[in-house]
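What follows is one structure encoded as structure tokens, with my remarks underneath.
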Protein chains: 2
Amino acid sequence: MTDKEKSWAIAEDVARMAGVSRSAVSRTFTPGASVSPKTRARVLEAAKTLNYHVDINARNMIQGRSTFVGVVTSALVSPFRAQLLAPIAHHLGARGLLPILMNADDPDQTSYALQRLLSYRIAGVIMTSGAPPLSLAREYIERKVPVAMINRAPELEGADVINSDNHAGGALAARELFNSGATRFAFIGPHTTHFSGRQRCEGYVDALTRLGVRKNRITLCNSTISSYEAGQLAAREVLADAAHAPDGVFCATDMVALGFMDEARRTFGRRFPEDMRLVGFDDIQHAALDSYRLSTIAQNTDTLAHSVVDMLSHRITDFSRAAEVRIAPVTFVRRATTG
Amino acid sequence: MTDKEKSWAIAEDVARMAGVSRSAVSRTFTPGASVSPKTRARVLEAAKTLNYHVDINARNMIQGRSTFVGVVTSALVSPFRAQLLAPIAHHLGARGLLPILMNADDPDQTSYALQRLLSYRIAGVIMTSGAPPLSLAREYIERKVPVAMINRAPELEGADVINSDNHAGGALAARELFNSGATRFAFIGPHTTHFSGRQRCEGYVDALTRLGVRKNRITLCNSTISSYEAGQLAAREVLADAAHAPDGVFCATDMVALGFMDEARRTFGRRFPEDMRLVGFDDIQHAALDSYRLSTIAQNTDTLAHSVVDMLSHRITDFSRAAEVRIAPVTFVRRATTG
DNA sequence: TTGTACGCGTTATCAG
DNA sequence: CTGATAACGCGTACAA
């Protein structure tokens, strides 16, 4: 520190200027404390001219907790996860909480970083899909740090979860593809390993079955991750045999759908929706672009963010409450790939 | 708080267990303090069994500063800004700093939130392009809070700035378009109001002029913002008169280029690169997708993030140092829209 | 309602 | 190298 003069006013300075005790200043800035309107006014005025702000670090220390919430997410390049960030920050702010960003892309560093986060006496942690392994979340809960998650399997005892209605989304996709005339169906995405992918696939297959579609008319094409490249790869696999190629495809995410669409158009000359119909999941920005106009199942990011913050702040005030699992409704967005 | 029992071990607990003084514990966890290897080992062992973590709030308080850095950014949906977030978090973490996310989309709330941030005794602030007005940044500097910015005009005294080499990028685009046979040129984007847009445009026009292109062969198409829609609009404007339509177009950002490309293809039947050539700026994910394969000027997000963190941490240790303005090199990424 | 006195968990200082 | 003690800025019992 080159500049040693303190650049902030402290409560004592304000007290001296207002001609009151230091406690009076403290009480003025403590919600629900008893101060006479007169002193309160004098304190506020002095605080304003001195540009006084309560030192939240000190307040946090004394109260044994902080107002910081760790937001741990991986693959920020994933458009959907990026879309989630803004509403999370907004709803946290509305409750006086502040988001600390924690990138979980490097698993080794993540464990260390999460450990470090414990030093900050954070009020809670929000984890989004595909982020750190459950074992790390468990460590938090063992230390009584509230954990809330978005789009993850509700496997962790004591953690709240909000999931988009993947099952209903899959069913919606099935119905729309069926109604627009498809007869041979496919699902593309991680339907064995990934939680959301599996639910979406199940909802899809269930609904198709109820619609009377026979099993041999449904192809399940697995992939390890939900990427553009996975979609391209699946297209080459599924469209190679023209005789048995599907004409109604549901992809686990929009990025997969985009990859599928591009490869189907370029390599196999397929047109959407004339030759085949396609539905994605998420409703990311790209889906609306003119070159795609992808019909998709939209997740409501604001609902997801609001719920996760709501549940987390409940658990912050009462750590031992029963874990909650909420389901956020999804909606079908009709664009050009479903006729 | 329902659970009153303290869930964290404190230094005193560790000291008692290790049979040493509190100070010994403190020194063990203070980098550069002198402890004998023997005590150090005993402390570390006790700390491990008790799961002790230094309370950073308390440490911050006594040291009069925190390790939090406000990262204020607007429009997180903007892919480029989202891409910047991960490397910023990474480089901050490498210096023991933690990013506090601050969304600046709502200007009213922003001012309030920035005020609130002052209460946290943050170590510094990073601002990205197009975020809050300069007046807010000025408030921080007045309170001796270091400010570093990415892709902004170096107008603010005492704030460090790192910018991509917009001028060179514009020149690169000019050269590539020229070499791939274009004869009528256009620039599309905010070249009057927006700092980066203006620099990119200047570099473009300068280079074209040096290449011998006459002024009446260069069209400047202004827009208020850099959006997909702005690109579409510009295409309708610039391509309406087929006789004077450009065949070499440089857009201020990739999103603008995508909009231009889609509209040019759909409404005017233009093909890239056969009928016209196109270069964007940023190198966002979308640019690489098969339906676009957009040639573009890539910003080096890792360099930007590294520099901004580097300058910020320098200013954290010496607030009065001379302001620095750095330029980050850009590179041309050849894809399918430049022949 | 107001002021005094103490404690929160840590680091810096200083004597040993 | 070690241990005792004084800060840091604030909230809050307690007594007035």
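The figures here come from the full heavy-atom set of this structure, side chains too, leaving out hydrogens, waters and symmetry mates. Chain letters run A, B, ... following the sequence lines, proteins first, then strands; residues in each count from 1. These figures come from a predicted structure and were not determined experimentally.
OP1 and OP2 of D:dG9 both lie 4.0 Å or more from every side-chain N or O belonging to B:Tyr120. B:Ser26 has no side-chain polar atom (N or O) that falls below the 4.0 Å cut-off from OP1 or OP2 of C:dT10. Neither OP1 nor OP2 of D:dC1 sits under 4.0 Å from any side-chain N or O of B:Thr39. An OP1 or OP2 oxygen of C:dT1 is reached within less than 4.0 angstrom by no side-chain nitrogen or oxygen of A:Ser36.
Considering only the side chain of B:Val54, C:dT11 comes nearest among D:dG3, C:dT2, C:dT11. In the set D:dG11, D:dC1, D:dG3, D:dC1 carries the atom at the smallest distance from any side-chain atom of B:Ser34. Listed nucleotides D:dG11, C:dA12, D:dG9 differ in distance to A:Arg59; the shortest reach to its side chain belongs to D:dG11.
If you measure from atom CZ of A:Arg42 to atom C1' of C:dT2, you get 12 Å, rounded to the nearest angstrom. In this structure, A:Arg121 atom CZ and D:dC10 atom P are separated by 21 Å, rounded to whole Å. Atom pair B:Glu12:CD and D:dA4:C1' shows a separation of 13 Å (rounding to whole Å applied). Rounded to an integer number of Å, the gap from NE2 of B:His53 to P of C:dG9 is 16 Å. Between A:Trp8 atom CH2 and D:dC8 atom C1' the separation is 13 Å, expressed in whole Å. Counting to the nearest Å, the P atom of D:dC1 and the CZ atom of B:Arg40 are 12 Å from each other. The NZ atom of A:Lys38 sits 8 Å away from the P atom of C:dT2 (whole-angstrom rounding). Between the P atom of D:dT12 and the CG atom of A:Asn60 lies a distance of 12 Å, rounded to the nearest Å.
Side chain of A:His306 to main chain of A:Asp302: no donor-acceptor pair is present (N/O by atom type, distance under 3.5 Å, no hydrogens or angles). For the pair B:Thr39 (side chain) and B:Ser36 (backbone), a donor-acceptor distance under 3.5 Å is present. Side chain of A:Arg42 to main chain of A:Ala18: a donor-acceptor pair is present (N/O by atom type, distance under 3.5 Å, no hydrogens or angles). Between the side chain of A:Asn57 and the backbone N or O of B:Ala58 there is no donor-acceptor pair closer than 3.5 Å.
Using a 4.0 Å heavy-atom cutoff across all strands shown, A:Val35 reaches sugar-phosphate atoms only and no base atom. Contact annotation for A:Phe29: no contact, since no heavy-atom pair falls under 4.0 Å across all strands.
A salt bridge between B:Arg16 and B:Glu12 is present, with a side-chain N of the basic residue lying under 4.0 Å from a carboxylate O of the acidic one.
For the helix from C:dT1-D:dA16 to C:dG16-D:dC1, the angle separating the two terminal helix axes comes to 40°, with each axis derived from five pairs and the value rounded to 10°.
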Please list, for nucleotides 4-8 of chain C, all pairs of protein and nucleotide N/O atoms separated by less than 3.5 Å.
unit_1	atom_1	unit_2	atom_2	d
C:dT4	O4	A:Ser23	OG	3.2

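How far CG of A:Asp310 is from CD of A:Glu324: 7.5 Å, rounded to the nearest 0.5 Å. For the atom pair A:Asn60 CG and A:Ser66 OG, the distance stands at 5.0 Å (nearest 0.5 Å).
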Show, in sequence, the C-alpha distance, side-chain angles and deciding distance for B:Val125 and B:Val145, and conclude whether the side-chain contact (heavy atoms from CB on, under 4.5 Å) test is met. CA-CA 7 Å; B:Val125 175; B:Val145 177; 4.0 Å; yes
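A cation-pi arrangement, defined by a distance under 6.0 Å to the six-membered ring centre and an angle within 45 degrees of its axis, is absent between A:Arg143 and B:Trp8.
By the salt bridge (charged side-chain N to carboxylate O under 4.0 Å, His left out) test, A:Asp160 is found to be paired with A:Arg315, A:Arg321, residues two or more places apart in sequence or in another chain being considered.
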